[in-house]
Each structure stands twice: as C-alpha cells, then as structure tokens.
Amino acid sequence: MAKKLLIRDLTLRDGQQSLFATRMNQQQVDRVLPLYREANFFAMEVWGGAVPDSIMRYLDENPWHRLEKIKHEIGDVSKLTALSRGRNLFGYNPYPDDVIDGFNRNAIQSGIGIMRIFDALNDTDNIGSTIKSVKENGGIADCAICYTVDPYFSRLKKLKALLHARPINTRIFTDEYYLNLALKLQEMGADMVSIKDMAGLIPPSRAGRLVRLLKKNLSVPVDFHTHCTPGYGLASTLMAIVNGADIVDTNIMSFAGGPAAASYEIIQLFCDRMGVETGVNKEAVVKIDTILREIRRELAEFDSCKIFPREFDITKDKLPRDIDELFELAIAFAKSDKEEDLLNACSRIEKFFGFPEPDEKVKEAEIPGGMYTNMLAQLKQLKLEKLLPRTLELIPSVRMDAGCPPLVTPTSQIVGAQAVNCAIDESKGLPVYTSKSIQFVNLVKGVYGKTPMEIDPEFRFKIAGVKEETPYDTRFYKRQENPVFHEYGDVKLAADEKEALLLELFPSVATDFLKRHIEQTYLDTIHMVEEEKRRKYEAEKLAYDILTPDEKQKRLLDGLYHYHWTSEDDALGHS
C-alpha cells in the first residue's frame, strides 16, 4: 500500500506574505479559486497572520469578506486554515477569553476548518484558551511548536562568563524540550502538532530527528512547516517526509522559495519517485501556477525577490538527465541522513528551477530574515549601518537576558530592536539597556507570558522595576470604544460582532477602515436618493412633454405635476 502524505498549501497566506507583503487583492485571489477547488489540497492556509491587518490597511478590503468568499468558492474540498497567536491573537498583550472565543467562533463560522495556534514564547498557558475555544466551535486545533536555535556564544565569551561564575547555558532548545512541549500540547487537546520553523533555521538532520521523535511519541498527526531563506527549506521538507511527517506545508512554484516555503511541484516530483500519494490534482496546480505567474508580475513593486522560477509543467515536462539523477540522489541522501550531500543536491535542484540563492547573512547570523532586515532598516534610518556587526554580536546576550525567547514573530522583532538600542547605547558610551522599548520591558516583566528560561530577578528589576514575574491581568483590559456617528445617520463604527472584533484586534487600522466605509455608504445613499429623484423628475417630464398644451394646463391646475418646465413649444410662462 502506497504511503500517503497530505499537503497544506500556503500560497494565499504565507506565500504572498513572505514574498509580496500580503498585497494580493480580492480580484487576484478570485482568479485562482475555481482552480483551487479542483486541486484537492488537504488544506489551504488563507487567513490570519498579516492578512486581516494588511488588506484593511493597504487594499481597503474586509478580512471577513475575503474568508467568506474563499469558503464559498472552495466549499469542503480543502480545509481552510488560519494562523492565531493564541491568547495574543494578532497583538502583543493577551486578550480576555470572550474576545478569543468571539474571534475563533466567527472565524470558524466564516469558513476556517483548522486553526494553527502558536505562542511566540512556546508558553502553553497562552494557548489553552484558544484550543478550548476552537474545539468547542467545531474547528480543528493545530498546535504549533515554534522552532528556534540556541544562542551562539564564542568560546572566549563562554570562558569569560565561567571566570565570573556565571556559566552560559547554551543547551536550551533540545530535542527533549520540543518533545515535552508537543506532549503537553497533545494533552491539552491538540488535534495535530506542527513543527513551525518560521525562520527556516532547521537543518535537514534536525528536521528528520524531530519528526521521528514526535511520530514515535504522539498519537496525533505531525505537520512540518519551514521556509527557504537560509537554504535548508527543500532539503528539510524532504527529510520530514522520509521520516514520517503526515503533512507538509508548501507553496505553488511561482510563490515559493526564497523567504517562502518549498515548492509543491518539487515536493510532488520527490513523492512520485518515492511512491508517496498526495491526492493533489497536478493538472489543476499547473493551471493555478500560470495565473500566479501573471499575478506576480502585477505585484512586482512588492516582490522581495524579483526572481521568477522556471516555468515547468510537472504533468508533462521532462527533467534533464543530470537533474533527474539529483532527485534520486537526494532521496538516497535523505534516507541515509547524509546532510551535506542532501543540501548540495537540493541546492542544485533549486538552482535548476531558478529559485533564489540562500541568504548567507541570515544563515550565518542564525536569525530570521525579517528580523535581519528590520534591524538593518532601523540602523539605516539613523545612518548607523556600521553598528550592524555589533548588533548581531549582542543578540545572544539580549536573548539570554530576556529569558531566551524563540526568534519568531513578534519576539524576534522585540529582541532585534533592543539589540539595536544596546549597540547605539554602547556607541555613545552609555550602559547597555539605557534605551529600552516598551515591548522589551513588557517581555522581561512577564506581560507576554513565561519565557523558556527564568529571568534573573535583578535584571527584571533593572529593566521593568519589579523582581517577580508579572503576567498581564486581563481584568484591566479596556475594550475599544464603538462610537456613534450622528452625522452619518446615527450608525455605529462597528455594525456587528465581526466588525467589533476587527476594532478590538486592530484598533487604529480598523477604525480608519470602518469609518471610510461608513462615509462611503452614506455618500452612496445620498447619491441613490438623488438618483431616484432625478429618475422621477425625468419620468414626469417625459410624461408632461407628450401632452397637448390644454392637457398640460389642466394637469398643472389639478396639481398632478409638481414641476414646471419651459420649452420652445411650452410657453406657459406663469407660476
């Protein structure tokens, strides 16, 4: 019996977010939906992440309408999936349970079948309420363990720390750490567990080892998710498949590679050779990719790579002999766990298909690509690019001081921004941590949850003014106001629960978005009223014009017409 592998397509959410800053509009999405209905992916990630914020902010579109439109077109062919940051949802501070439940209930009612739930600190306490809510509302709880790497310290730095009686623990994110986390999530009710490597930092051997470990110890399906930024993505995804992953995440070719996930087409070519059935309709995918290639040209100004992969029809195009042999070699290397050979083979395969080269800076720094570019942008804005090397050196220390949070959104950005602050402080001769972001203070204070390592109470006091971990108390949560606009007919800013949730989760963006639409609706209503008056006027004028002069006079005197017209053949001339 052939082995089966399920494919989760990320193209319409993570793919376009990774490559085009989530600028794909509804009309562009609509062009591929009929073909997606034919494609028969196990699941399609279409919502969450940056989608709700970005499409309101940049495209003036309603996030709920997008989800509902996709559900209407796809039906039950593929499960629609979304991304949720657990108790924090889309922001930093935790939300009360009723907001979390309202979001999950409406998302599931609007079409979401699987909610991928993660916490940036891997704090399971931040995930429990969402698991409960998703399951109670009929959704599938996909609980993610956020993969990250241990901070790197040079031997000299370790020695110096040892001499000061403060040895550095650089064995935090071990296989045991991830297994215990996965077991805890399963115990909490996870319907499936995902290894979520948003930075693409997981090398093939580690990917294979973790998948084997989870498959051996869990009773729920295991999904593997990674990106291609540092060059591991394709090889690590192949290793996950070889080692028993139930589901892998991919993008369709024109939206794959670089900062995005591996290409479905290449993964399918591997599966064909290994006798693995995915159930995906390859002909439909080829047609989708043709349209996506056109859409990518339309999104050129937002394209972070500017490199189009080779056009390749996996239903009929033949590979050159040397590339075909590389596929066989890569499978053999994966099965024998020969990491370097596997990476070399996959690199040559990706080069043939025209995908971007690995980002060596990100690979060397062992940080997410977005974190790297944000730090560089922050320094460029201040004309301090020369401080980038020192900023990169400071990241491990900043992470350790802050309890070693995983390098995933948003903690990666918090740590990165603080490392920049520390480098600037140092360059001015000031003590590091003289400048602190409010997000870093809250991270250290414990507002966002429990960090993987305990934070030194003295450091917490220095940064946040308290020695004890101080979680956010949702009793102090203040709901967003929902004002009434009397000038627009006494309508509320948020007309229903879905709009109220947008207001709650994206206050400033949703306020602007909803107000624009209230104003437009009001103007449209006025226009409709005026148009109706105009039509009535034209109809009455037409009826009046065909009357004889005597009939016109009689009807005006009888009050049957409210308008008085003058023309060459109508010279009544009196009121």
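Residues take their numbers from the sequence shown, with the count starting at 1.
Every side-chain hydrogen bond (donor to acceptor under 3.5 Å, both in side chains) that His517 has, sequence neighbours left out, goes to Asp60. Listed by chain and number, the residues in a ring pair (Phe, Tyr, Trp, His ring centres under 6.0 Å) with Tyr477 are Tyr95 (sequence neighbours excluded). Qualifying ring pair (Phe, Tyr, Trp, His ring centres under 6.0 Å) partners for Phe485, counting only residues two or more places apart in sequence or in other chains: none. Evaluation of the ring pair (Phe, Tyr, Trp, His ring centres under 6.0 Å) rule for Tyr177 yields Phe173 as partners, not counting sequence neighbours. Checked against ring pair (Phe, Tyr, Trp, His ring centres under 6.0 Å), Phe42 has no partners two or more places apart in sequence or in another chain.
The environment of Glu385 atom CD is dense: over 12 non-hydrogen atoms of other residues, nucleotides or ligands sit within 6.0 angstrom.
Residues Tyr433 and Phe459 bring their aromatic ring centres within 6.0 Å.
When Lys135, Lys196, Arg116 are each tested for a salt bridge (charged side-chain N to carboxylate O under 4.0 Å, His left out) with Asp142, only one passes: Arg116. Paired with Arg87 under the rule salt bridge (charged side-chain N to carboxylate O under 4.0 Å, His left out), one option of Asp101, Asp123, Asp119, Asp97 passes, and it is Asp97.
Looking at Arg8 and Glu45, no side-chain N of the basic residue comes within less than 4.0 Å of a carboxylate O on the acidic one, giving no salt bridge.
Note on ring orientation: taking the six-membered ring where Trp is involved, the planes of Phe90 and Phe103 are perpendicular (angle over 60°, cut-offs 30° and 60°).
With 3.5 Å as the limit, one finds no donor-acceptor pair spanning the side chains of Lys386 and Ser427.
Counting heavy atoms from C-beta outward, Tyr232 and Ile202 have side chains that stay 4.5 Å or more apart.
Applying the ring-ring contact (aromatic ring centres under 6.0 Å, His included) test to every pair with at least one member in residues 109-137, sequence neighbours left out, gives no pairs at all.
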